[in-house]
There are 2 protein chains.
Amino acid sequence: MVTAARKPETGTPTVYDVAERARVSIATVSRVYRSPDAVRAPTREKVLAAARELGYVPSGSARGLASRTTGILGLCFPDYTDPETDTPGDGDENAATLYADHIIRGMERAARSRGYALLIAASLRDGPTNLVATLAGHVDGFAVMSRTVDAKDLETVSRRMPVVTLAGPAELGHLDNVQVDNRDGQRELTRHLITDHGLTDLAFVGGPADSPDAEERFLGYQDACRDAGLPVPPEPTLRGALTRTAGREAARTLVAGGGPTPGLPQALLLANDQMAVGALEEFAAHGVRVPQDIAVTGFDGIPLGAMAHPPLTTVRQPSRRIGEEAVALLVDRIAAPQRDPRPVVLPVSLVLRASCGCAEPVPAPRRG
Amino acid sequence: MVTAARKPETGTPTVYDVAERARVSIATVSRVYRSPDAVRAPTREKVLAAARELGYVPSGSARGLASRTTGILGLCFPDYTDPETDTPGDGDENAATLYADHIIRGMERAARSRGYALLIAASLRDGPTNLVATLAGHVDGFAVMSRTVDAKDLETVSRRMPVVTLAGPAELGHLDNVQVDNRDGQRELTRHLITDHGLTDLAFVGGPADSPDAEERFLGYQDACRDAGLPVPPEPTLRGALTRTAGREAARTLVAGGGPTPGLPQALLLANDQMAVGALEEFAAHGVRVPQDIAVTGFDGIPLGAMAHPPLTTVRQPSRRIGEEAVALLVDRIAAPQRDPRPVVLPVSLVLRASCGCAEPVPAPRRG
DNA sequence: TTGAAAGCGCTAACAC
DNA sequence: GTGTTAGCGCTTTCAA
């Protein structure tokens, strides 16, 4: 056994220091951490003891370099939140933020259960170059939420490692993709209003035109109108940011007679729950009764909706599952890099509450 | 210029491939990515072009190994959520989960603005060894939320890199620590009830005894009782998990006469908002009027509280700022490893709403 | 401004 | 079961 002559224990301890102290080779130290069972128990103990005394922590970088895998998965998500406000209290957090939180949760949990950690970074206007440079080099696979990374960078990165696109249409055809069935959900919800409640005078408040989710929902709305033989609007009745404030404004516009038709429509469908809650508040303030005077619906299934008055009818999307699916696809492709791209569309579910005219007039406590 | 004989472009491109193609040395390629200004523009362009054509992405591991810094900050947070439920809709998500989400947000944002990415992993019962091994080796600094990492591991890691403890008492005295003034907040809130509303028959529903935050809040409650000359209870009137369900159960117990005194107390203070919202629901179901029959308060300042009926009086904590402070401390210590440990206590603020008897009987829409 | 050469700390063959 | 020996792909002096 030749313990190479090395500088005395200085700075952060390395395998060499541990090996020297435990009187074994560096290979054995390495083995103790990678496959403990491949080392005899007494040897292992010696090594572990030495490591403990030295305060040894294996270098992730060195491991990554030598093994060409890091045990890290990456996620790039959009950052819509206003940096100014630290407002867990006012409830006007952007829905996309909450949504991203759930996806982060889902990914983190799924990743961890498979032995991966999660590296995250929000994309900002300041150029994705930075982003890709920051993240891509450190991970074994990469999930990107819709519209957060430039297609070109995505292309480059995907040549080097598994990449899955999330929560939006597949931007690059050859990549795995996870999305929620926004269109189908909104179609079903609209159909419910038309068929089950017999409403025909509807209005849809869309999101920004560059929000793929919101646009898909509008398409579903159009589908339902078409299916029911109602006029199919080429554009949402109104548009707004996906915030509570924007929902309030939409309702106010309608109440003020600012809509396309003189009176209030029979139903107001909003592109997400945040907006819908805002609309509910505004209607209440103007004495407009929901659902008697107008039915209101949202989309997402956030907790706020269940607490609203009346409780909000909506479409629940499995946001956490998006993250879980992303990890599944990534891990799967790490194992089989050449398999065909797989697009996953997650089903959504209708949540019928009082705001559309369905039961449950009072939020009855469910016994635990 | 000697372009070393290397295997032809195979697998993922490296600096060597880019250097060869751009007819420069690897050192120049490296410079282009680290300090572009140190390279003449034409040279830089050549390199960038070659990199683009090759689909080159710098290896984070190699950079990390060579430079001994990764540009990554780590966060370890507790995972309380029930893996079974994918329930963005039912609103009974654990408060700690939401709380952690905010901290993650805050850290991510602050980290990114300083050029760092964030590596996250929830701690589970399955042993922190894994955690430390997974994360610590990859980061330049490490934030850990209270009770997620074994003190021993923390000790080891902190010998190797900056570590800050979060959202709880400083577990290791020599580390930076960020916490919120739970005690002071609960004291103030309790004082408000006693002094401003003249209530003297109070009950406090605590969290699990192993939740430092909840315990601090109880201490604040005791302080206020002491200050007001009221009897100081040695223990919370009731205890429960920090969930809505637990809050409901607490209220039910009280309504059923299960409390220490026969009737309902004048005020019920709960250790967090989730519980308080549950209590509000249960009281409503039993026809107990809030605040007329009993005042109710929470702690945290979650959006749900503002939507509750009546809107919940609470203490708002700057959860996002915790994450921001953590990053500030970490970055600061990376720059000055030897500076003295700095404990940061973030102030909280009272949010007075209707559930304690303060104004705002109806959630009046605030004009945006 | 650019190049050459020496590691960074580890894993992976392979030998013993 | 354990040791030897090459790298992994970059950054970093130091020269030129």
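Predicted, not measured: the structure shown is a model, and the values here were computed from it.
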Review item, side-chain donor-acceptor pairs of residues 40-47 of chain A, under 3.5 Å, at least two apart:
from  : atom 1 : to    : atom 2 : distance (Å)
A/R44 : NE     : A/P36 : O      : 3.2
A/R44 : NH2    : A/V39 : O      : 3.4

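- In this structure, B/D17 atom CG and D/dC8 atom C1' are separated by 13 Å, rounded to whole Å.
- With rounding to whole Å, B/L65 atom CG is found 5 Å from C/dG9 atom C1'.
- Closest-nucleotide positions on DNA chain C for B/R40 and B/R68 were compared, and the one nearer the 5' end corresponds to B/R40.
- One atom, CG of B/D37, and another, C1' of C/dT2, lie 16 Å apart when rounded to the nearest Å.
- Residue B/S25 places at least one side-chain N or O closer than 4.0 Å to OP1 or OP2 of C/dG3.
- By the salt bridge (charged side-chain N to carboxylate O under 4.0 Å, His left out) test, B/D101 is found to be paired with A/R105, residues two or more places apart in sequence or in another chain being considered.
- Within 4.0 Å (heavy atoms only), B/T43 reaches sugar-phosphate atoms of the nucleic acid but no base atom.
- Comment: B/E108 engages B/R112 in a salt bridge, judged by a side-chain N to carboxylate O separation of less than 4.0 angstrom.
- An OP1 or OP2 oxygen of C/dG3 is reached within less than 4.0 angstrom by a side-chain nitrogen or oxygen of B/T28.
- Among residues at least two apart or in separate chains, ring pair (Phe, Tyr, Trp, His ring centres under 6.0 Å) pairs with a member in residues 22-73 of chain B are B/Y33-B/Y56.
- Looking at residues two or more places apart in sequence or on another chain, you find a salt bridge (charged side-chain N to carboxylate O under 4.0 Å, His left out) between B/R342 and B/D332.
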For every nucleotide of nucleotides 11-16 of chain C, 5' to 3': is a protein heavy atom under 4.0 Å from its base (B), only from its sugar-phosphate (S), or from neither (-)? BBB---
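- Distance CZ (A/R23) to P (D/dG1): 23 Å, rounded to an integer number of Å.
- Contacts of A/S59 classified as side chain to side chain donor-acceptor pair (under 3.5 Å), with partners at least two apart in sequence or in another chain: none.
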